[in-house]
Amino acid sequence: MELDSLKYVWRTLESAPAPEKSREQISALLRKRSGSAVARMQRNLRGELILILATYTPTILFYFLEFDGKLSGISWAFILLLAILAVYFHRKNKLLRAMQCAEHTLRSSLQQQIHTLKKYIRFYVQAGTIMIPIMTIFTWLIIRWKFPPAPGADLFYQISGSPWWQHPLTWIALLIPVTAGIYFVNLWYVNRLYGQHIRKLQELLREMEEEFS
Amino acid sequence: MLYKVCRLYCFSDTDRQDLFQEMVIQLWKSWPHFRGESKFSTWLYRIALNTAISDLRKQRRRPSPIDVNEIPAPLQHVTWPGEEDQQLQQLYAAINRLSEIEKALVMLYLEDKTYEEMEDILGINQNNLRVKMNRIKEKLRKMTKEATYGVR
């Protein structure tokens with residue numbers, strides 16, 4: 001049977017009455033949560049933000065109010081971190097909104113989604129990796145500030161003027177492998193989350209862009 | 001039209017309802033951005049096909065090579081002479097085995113869209129569309145022939 005003969009059947013489908021949806025039914029549909037990938041990613045991002053605020057806020061208040069305000073510097077450090085995280089969340093949300101392009105042609109929608117998703121993944125890996133040295137440096141500065149090196153008799157202190165656990169070289173020696181490890185873990189994690197989706201989109205785009213001479 | 005797209009891309013009622021809901025949400029979100037630069041039907045097809053094709057959703061059950069239960073419900077009461085009925089079922093089963101892009105092309109072809117309109121919706125140039133359409137027709141011819149000789 002030829003495809004053209006199916007046109008009659010298709011037209012019969014058209015003339016068959018489609019199930020009517022009332023205004024209330026349509027409103028109920030619109031109130032439900034979207035199951036799209038981008039909507040789920042946006043919900044996860046909101047969840048992350050709420051979790052960060054829920055953990056950072058009591059910590060900030062704790063260091064402001066306790067110890068007669070002597071450790072308020074730690075609170076300010078957390079506030080600075082929150083400001084950096086705000087930029088991080090804003091950027092991620094902007095990328096997710098850019099992925100919602102359902103009104104474009106199918107081809108440009110696929111191109112846009114692939115391009116933006118790759119940017120999103122790159123940003124996620126880079127930001128997640130950079131946060132480790134930033135937080136480590138913050139922690140080291142706070143320790144150096146609040147716990148000045150006490151005179152010690154050990155050899156390390158005698159040579160460098162710092163206990164071994166406060167010396168920058170010790171922290172750098174720990175930081176490099178930890179940062180490298182976190183980088184590869186992030187890479188593996190995002191590939192697990194989004195790798196298959198990107199490959200599927202690329203396959204679809206390749207099929208659309210197939211040129212015939 | 002939305003129901004037709006759902007029937008083409010989903011094989012279970014639950015998946016069809018999910019996809020229909022998603023399309024309604026996307027239409028609602030995109031409506032404020034519709035400026036009338038393209039035809040309303042073009043805009044509608046773009047959103048429906050973008051939602052059906054490019055969204056990440058759980059793997060839908062793929063039909064078996066000859067799945068004779070895939071005729072849409074409204075047509076089940078319509079009868080055709082015996083041999084045509086079987087061929088129709090085989091053609092539907094063959095369409096179900098096409099890729100997502102090929103299904104979109106078939107749907108627009110069956111909707112009597114011109115190649116210019118298809119280009120507006122899909123973003124593939126008309127020459128490539130013509131070649132793809134011919135290849136799809138050939139593919140469907142082969143699949144239905146295989147099914148016929150396999151069954152007989």
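Every chain is numbered from 1 and lettered A, B, ... according to where its sequence line falls, protein lines coming before strand lines. Values below: all heavy atoms of this structure, side chains included; hydrogens, waters and symmetry mates excluded.
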Segment of B:Q26 engaging chain A (4.5 angstrom heavy-atom cut-off): side chain
Atom CD of B:E138: over 12 foreign heavy atoms under 6.0 Å: yes
Rounded distance (nearest 0.5 Å) linking atom CG of A:L204 with atom CD1 of B:I53: 7.0 Å
Rounded distance [0.5 Å steps], NZ in B:K29 versus OG in A:S36: 5.5 Å
Crowding at OH, A:Y189 (>12 non-hydrogen neighbours, <6.0 Å): no
Neighbour count above 12 (heavy atom, 6.0 Å) for A:Y183 OH: no
Residues, nucleotides or ligands: over 12 heavy atoms within 6.0 Å of B:F34 CZ: yes
Engaged part of B:I121 at the chain A interface, taking heavy atoms whose separation is under 4.5 Å: backbone
Main-chain N/O of A:E207 paired to B:K132 side chain as donor or acceptor, under 3.5 Å: yes
Which atoms of B:E102 approach chain A - backbone, side chain, both or neither, heavy atom under 4.5 Å: both
Between OG1 on residue A:T105 and CZ on residue B:R46, distance to nearest 0.5 Å: 6.0 Å
Rounded distance [0.5 Å steps], OG in A:S109 versus CG in B:L122: 11.5 Å
Spacing of CE belonging to A:M208 relative to CD1 belonging to B:I101, to within rounding of 0.5 Å: 4.5 Å
Gap between atom CD of B:E119 and atom CZ of A:R107 - 0.5 Å precision: 9.5 Å
Segment of B:M133 engaging chain A (4.5 angstrom heavy-atom cut-off): side chain
Chain B contact via A:E203 - side chain, backbone, both or neither, heavy atoms under 4.5 Å: neither
Check: B:N50 side chain, A:H104 main-chain N or O, donor-acceptor pair, under 3.5 Å: yes
Contact class of B:Y109 relative to chain A, heavy atoms under 4.5 angstrom: both
Engaged part of B:L2 at the chain A interface, taking heavy atoms whose separation is under 4.5 Å: neither
